[in-house]
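This report concerns only the one structure given below.
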Protein chains: 2
Amino acid sequence: MAQTSTRDRIVITAARLLQRQGYVGTGIKQIAREAQATLGSVYHFFPEGKEAVAVAAIKHGDQEFSALLRAALDSEESPSAAVNACARRLAEALRESGWVDGCPITAAALETLGSDSEIQRVCAAALRAWEQLVYDKLLRSGLDAEDAKDLASTIISTLEGAEVTAQVNRSEEPLRAAGRQLARLVGSYDKASNLRDRPSCT
Amino acid sequence: MAQTSTRDRIVITAARLLQRQGYVGTGIKQIAREAQATLGSVYHFFPEGKEAVAVAAIKHGDQEFSALLRAALDSEESPSAAVNACARRLAEALRESGWVDGCPITAAALETLGSDSEIQRVCAAALRAWEQLVYDKLLRSGLDAEDAKDLASTIISTLEGAEVTAQVNRSEEPLRAAGRQLARLVGSYDKASNLRDRPSCT
DNA sequence: CACACTCTAAAACGAACGTTCTAACTAGTA
DNA sequence: TACTAGTTAGAACGTTCGTTTTAGAGTGTG
């Protein structure tokens, strides 16, 4: 962290703080302090002010989360096991952070719902990107396009919600339960085709 | 609203604002203004300050959400249809509010994760209560206790997450998709027993 | 050396924050 | 009328907010 550029330190620190305290709860002076930068540096790199810092930070969090999701999805071949792996990795990361580092965008997204700020748009884009990752995995596994669309949306929603529930309860269990149930749900689409092809049950 | 007591107006207004802007994003002066009360009144009824107002507001939102959930769960006999009804009613209410009135506690819960404030505890209690409502419905429908526990947790998580996704995307679709998938998931537990009892497939 | 450019430092601005305080108004009771 | 308790009104305190401003280092090029 000492050899990273000042700009990177600001973005990374802002991402962590936004994720934990939300947009309004995070001061630009706090970002500067914890990033070991000065207020002048922050406004030098982000002359448009706080919102620009937040947008960059959310994009950073988006990519980090995408990487985690991609790794988990690629770690298992079957889509149901892959989805379960996502939930398990999220649970692990959440516990290790002391239940504070959850979804990088939820808090900021909820606070800026009323306003039509740029923050809204990057959050929406992040959600869409994550859904696309899941969607692609499901398609590669041979699911119907329409089924995959509904499923991918639900999987992201469930992971999102289970993460919040896990944070509030300070427990991995909501995420683990969500992983199990999502695996069962995804598996039910496989089984449907299995049943169709199985000669003993038609 | 004109004939409700000042205290009630404060609580109801605070609940709406907390739900839309979160805890730090909602000022105590704004609460007083929009509740048509004065700052003196607010501190008269809540001498402990902002946090006490928030706790009362969140408890109010909890009960309102519980009522909606209970009504939806009771509107259908089969558990899968009931869960789907929950999602549909949430989608309806969300659209009617212009995508701003989502889950009454998520925003406040996320902001106060680090601190061990009373707000944390009421939010956790609310989540547990909602889960219990779903759990009871599933038990009444004849599911295993262990299955019902996992399922109820996942259902609440999914509704929670789908609501956020729907808000960010300004669309009912995430909630409707979640409702469909949750219905399928719950139905798969029914079908398991159906399959077991069906003579043509053993 | 001088110059331009990037980056950092620190002080200061008005506005809004949560909170406290005192004063006044409105019943109801004697 | 006088007294009390419950409620409202509004000014004021110190602090922090996001932002602006001005000045000063650091570095490579002419």
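The figures here come from the full heavy-atom set of this structure, side chains too, leaving out hydrogens, waters and symmetry mates. Worth saying up front: this structure is predicted, and the values here are computed from it rather than measured.
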Qualifying salt bridge (Lys or Arg N to Asp or Glu O under 4.0 Å) pairs with a residue from residues 150-174 of chain A, counting only residues at least two apart or across chains: A:Arg95-A:Glu172, A:Asp150-B:Arg180, A:Glu172-A:Arg176, A:Glu173-A:Arg180

Sequence neighbours excluded - ring pair (Phe, Tyr, Trp, His ring centres under 6.0 Å) pairs with any residue from residues 68-102 of chain A: none

For residues 134-143 of chain B, which side-chain N or O atoms pair as donor and acceptor with protein atoms under 3.5 Å away, sequence neighbours left out?
residue  : atom : partner  : partner atom : Å
B:Asp136 : OD1  : B:Gln132 : NE2          : 3.1
B:Lys137 : NZ   : B:Leu73  : O            : 3.1
B:Lys137 : NZ   : B:Glu76  : O            : 2.8
B:Lys137 : NZ   : B:Glu77  : O            : 3.2
B:Ser141 : OG   : B:Lys137 : O            : 2.9

Contact residues, residues 109-117 of chain A to DNA chain D [heavy atom, < 4.0 Å]: none

Pairs satisfying side-chain hydrogen bond (donor to acceptor under 3.5 Å, both in side chains), at least one member in residues 38-54 of chain A, at least two apart: A:Thr38-A:Ser41

Base-contact (B) and sugar-phosphate-only (S) positions in nucleotides 6-28 of chain D, heavy-atom cut-off under 4.0 Å, - elsewhere: -BBB-------BBBB--------

side-chain contact (heavy atoms from CB on, under 4.5 Å) partners for B:Ser115, two or more places apart: B:Thr112, B:Ser117

Within residues 80-89 of chain B or reaching into it, pairs that qualify as side-chain hydrogen bond (donor to acceptor under 3.5 Å, both in side chains) - sequence neighbours excluded: B:Ser78-B:Ser80

Test salt bridge (charged side-chain N to carboxylate O under 4.0 Å, His left out) applied to B:Arg33 - qualifying residues, sequence neighbours left out: none

